[in-house]
There are 2 protein chains.
Amino acid sequence: MPRIKHDEPTTHRTMQVVNHIRSLIENGTLQPGDKIPPEREFARQLKISRASLRTGIGYLAAMGVMKIRHGVGTFVADGPPEFGKASLGMMGALHGFQTWQMFEARTILESNIAALAAERGKDEHHAAMAEEVAEMFAAMNSPADFLIHDLLFHRIISQASGNPILASVIETITSALYDKRRKTVERSTDMRQSAEMHREIYRAIRNRKPNEARKLMEEHLHQAQVAQGQERPPDKKAATSLVAAVK
Amino acid sequence: MPRIKHDEPTTHRTMQVVNHIRSLIENGTLQPGDKIPPEREFARQLKISRASLRTGIGYLAAMGVMKIRHGVGTFVADGPPEFGKASLGMMGALHGFQTWQMFEARTILESNIAALAAERGKDEHHAAMAEEVAEMFAAMNSPADFLIHDLLFHRIISQASGNPILASVIETITSALYDKRRKTVERSTDMRQSAEMHREIYRAIRNRKPNEARKLMEEHLHQAQVAQGQERPPDKKAATSLVAAVK
DNA sequence: GCCCGTGATGAGGTCAGACCACTATTATAC
DNA sequence: GTATAATAGTGGTCTGACCTCATCACGGGC
């Protein structure tokens with residue numbers, strides 16, 4: 001029989017680095033925000049070349065797990081979890097993501113997240129949400145500020161849902177939509193209505209009414225979508241239909 | 001006076017590579033599955049060192065946009081879109097993702113996706129789904145094969161939903177759960193029931209009954225979760241029924 | 001005394017070229 | 001004809017030098 005040499009992927013230096021850092025994170029040695037040793041020293045510790053170490057670190061940086069600052073050092077990411085910033089944009093270019101699809105995904109995710117938040121939200125979440133709603137009413141004449149508090153409001157709901165995975169997915173999609181939103185928010189004439197809507201959502205969550213929260217969130221996002229003229233185009237499928245691609 | 005070597009404000013080489021490839025993808029020069037030129041030649045074309053080129057390619061590979069095959073070449077990813085394979089696992093280690101959270105996320109996503117598939121699925125999707133259901137019944141005595149067709153079935157539903165963004169998110173979460181599933185599927189005594197369930201889901205989708213499909217999918221995933229003892233830990237009382245549920 | 005330029009320091013970024021390892025194909029031996 | 005061996009092509013790793021950037025301490029000028 002032909003000799004099978006199927007070695008383990010343990011060989012690749014890149015994965016060696018990734019796994020090492022992973023274990024450091026898992027056993028608590030590395031915490032979000034921590035700085036890792038300088039490349040030259042770290043490479044010596046791991047008994048690999050600096051070049052290989054760098055590919056490994058680059059890999060982690062691409063996934064958003066590490067953050068590199070030229071001239072300063074390399075750190076473990078500490079912000080809200082986000083699946084590779086450029087990832088979605090890249091995927092969009094590759095597989096032809098449409099804006100309406102982003103809205104659809106966001107609507108499904110956020111409406112369910114709102115329901116979860118209504119079930120599990122704690123007092124501090126309610127307080128923070130109330131705060132942001134108030135800020136929205138106060139920023140009625142400043143679209144840019146309004147948008148900031150809008151984002152914050154939604155982010156708090158994500159946290160209140162108690163499911164960080166869903167929160168990160170939303171975060172990724174939202175950040176991809178952010179640029180588009182920023183361009184159109186100026187012409188928004190419905191900030192008052194939007195603020196009211198947010199307040200209603202807040203109330204539904206605070207009063208622990210999951211279904212109401214879900215419904216309101218759905219409605220809210222639908223309005224936002226319409227306001228940007230990003231409705232799903234009529235069902236005229238240019239369907240590529242590659243069932244074989246599933247393989 | 002040593003004049004300052006005022007080079008272009010070209011951003012980091014890594015991003016230079018990423019953007020270059022991105023533009024190649026956007027203008028259609030590179031299609032999924034295509035092979036990019038050998039590193040040495042490509043580096044010469046871009047007028048950068050091979051090391052820098054490799055950094056950029058590594059970045060794209062980490063995001064799942066490119067696939068590297070040692071000794072063969074580097075290709076544009078062609079399978080189902082997937083956000084960095086290791087990404088979720090890494091994030092889990094960093095932010096403490098729990099298995100029950102993955103199930104929750106998956107349930108929310110897949111039940112809604114099933115509903116969308118019921119609305120938008122086309123004949124070829126229905127056919128492919130029927131095929132997989134049949135394979136499941138045929139593989140009843142081979143857990144490994146059964147699992148494969150199980151995965152395929154769900155993947156076809158994702159495609160049928162007509163929203164590739166949701167499909168990729170699911171794909172990412174599912175692949176993270178795959179290993180855990182593989183370990184427990186052997187003891188599954190409910191493959192028959194599982195197959196029946198899949199058939200019912202298929203029927204709901206084919207008959208364009210979104211709400212029914214959603215409900216069935218929810219139920220199906222809940223069963224799968226229970227079968228693995230990955231229920232969400234109750235907030236208050238301990239669940240003693242879990243052990244019995246496994247059989 | 002305070003401010004600001006300037007150099008020293010340490011970190012990541014890039015480069016070049018040699019050499020190693022894997023895969024698939026082709027040539028050769030049997 | 002088939003199995004083994006040689007080979008070409010491609011990614012993977014190493015070395016070590018040099019470049020760029022961010023920060024801080026020092027010291028002259030105000």
Inset, instruction - Please work out if B:Arg54 contacts a base, only the sugar-phosphate, or nothing of the nucleic acid, heavy-atom cut-off 4.0 Å. - result: base
Inset, instruction - Please work out if B:Thr55 contacts a base, only the sugar-phosphate, or nothing of the nucleic acid, heavy-atom cut-off 4.0 Å. - result: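 Since no nucleic acid heavy atom lies under 4.0 Å of B:Thr55, the category is nothing.
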Inset, instruction - Could you check A:Ala51 against B:Thr74 and say which one's nearest nucleotide on DNA chain D is further toward the 5' end? - result: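 The 5'-side residue here is B:Thr74.
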Within the structure, does a side-chain N or O atom of [X] lie under 4.0 Å from either OP1 or OP2 of [N]?
{"X": "B:Ser52", "N": "C:dC15", "answer": "yes"}
{"X": "B:Arg13", "N": "C:dC15", "answer": "yes"}
{"X": "B:Ser49", "N": "C:dA16", "answer": "no"}

Length of the line joining [X]:[atom1] and [N]:[atom2], which is rounded to integer Å:
{"X": "A:Met66", "N": "C:dA11", "atom1": "CE", "atom2": "C1'", "value": "14 Å"}
{"X": "A:Leu53", "N": "C:dG12", "atom1": "CG", "atom2": "P", "value": "9 Å"}
{"X": "A:Arg69", "N": "D:dC21", "atom1": "CZ", "atom2": "C1'", "value": "12 Å"}
{"X": "A:His12", "N": "C:dC22", "atom1": "NE2", "atom2": "P", "value": "9 Å"}
{"X": "B:Phe75", "N": "C:dT23", "atom1": "CZ", "atom2": "P", "value": "13 Å"}
{"X": "A:Ile48", "N": "D:dT15", "atom1": "CD1", "atom2": "P", "value": "11 Å"}
{"X": "B:Tyr59", "N": "C:dT14", "atom1": "OH", "atom2": "P", "value": "13 Å"}
{"X": "A:Arg44", "N": "D:dT13", "atom1": "CZ", "atom2": "P", "value": "20 Å"}

Legend entry - Set of salt bridge (charged side-chain N to carboxylate O under 4.0 Å, His left out) partners for B:Glu26, sequence neighbours left out: B:Arg22
Legend entry - Partner residues of A:Glu39 under the salt bridge (charged side-chain N to carboxylate O under 4.0 Å, His left out) criterion, sequence neighbours left out: A:Arg50, A:Arg54
Distance-only donor-acceptor hits, side chain of residues 140-149 of chain B, under 3.5 Å, sequence neighbours excluded:
residue  : atom : partner  : partner atom : Å
B:Ser142 : OG   : B:Asp145 : N            : 3.4
B:Ser142 : OG   : B:Asp145 : OD2          : 3.2
B:His149 : ND1  : B:Glu132 : OE1          : 2.7

Inset, instruction - Could you pull out all residues at least two apart from B:Thr55 that satisfy side-chain contact (heavy atoms from CB on, under 4.5 Å)? - result: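 B:Thr14.
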Inset, instruction - Check the side chains of B:Asn27 and B:Thr29 for a donor-acceptor pair under 3.5 angstrom, ignoring hydrogens and angles. - result: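 There is such a pair (donor and acceptor under 3.5 Å, judged by atom type) between the side chains of B:Thr29 and B:Asn27.
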Inset, instruction - Kindly write out the residues that satisfy ring-ring contact (aromatic ring centres under 6.0 Å, His included) with B:Tyr202, not counting sequence neighbours, or none if the list is empty. - result: none
Legend entry - Contact list for DNA chain D against residues 33-42 of chain A - heavy-atom distance below 4.0 Å: A:Arg40
Legend entry - Results of side-chain hydrogen bond (donor to acceptor under 3.5 Å, both in side chains) for A:Thr74 - residues two or more places apart only: none
Legend entry - With A:Glu41 via side-chain hydrogen bond (donor to acceptor under 3.5 Å, both in side chains) - residues at least two apart: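 In terms of side-chain hydrogen bond (donor to acceptor under 3.5 Å, both in side chains), with neighbours along the sequence ignored, A:Glu41 is linked to A:Gln45.
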Legend entry - Inter-axis angle, terminal five-pair segments of the helix from C:dG1-D:dC30 to C:dC30-D:dG1 [nearest 10°]: 0°
Inset, instruction - Go through the N and O atoms of the side chain of A:His70 and the base of D:dA22, and report whether any donor-acceptor pair is under 3.5 Å. - result: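 By the distance-only test, no, there is no pair.
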Legend entry - Closest to side chain of B:Val72, choosing from D:dA22, C:dT23, C:dC15: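 Nucleotide nearest to B:Val72's side chain: C:dT23.
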Legend entry - pair B:His154-B:Arg106: side-chain heavy atoms closer than 4.5 Å: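 In short, these two side chains touch, coming nearer than 4.5 Å.
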Inset, instruction - Please name the pair of heavy atoms, one in A:Met129 and one in A:Ile156, separated by the smallest distance, quoted to 0.1 Å. - result: CG-CG2, 3.5 Å
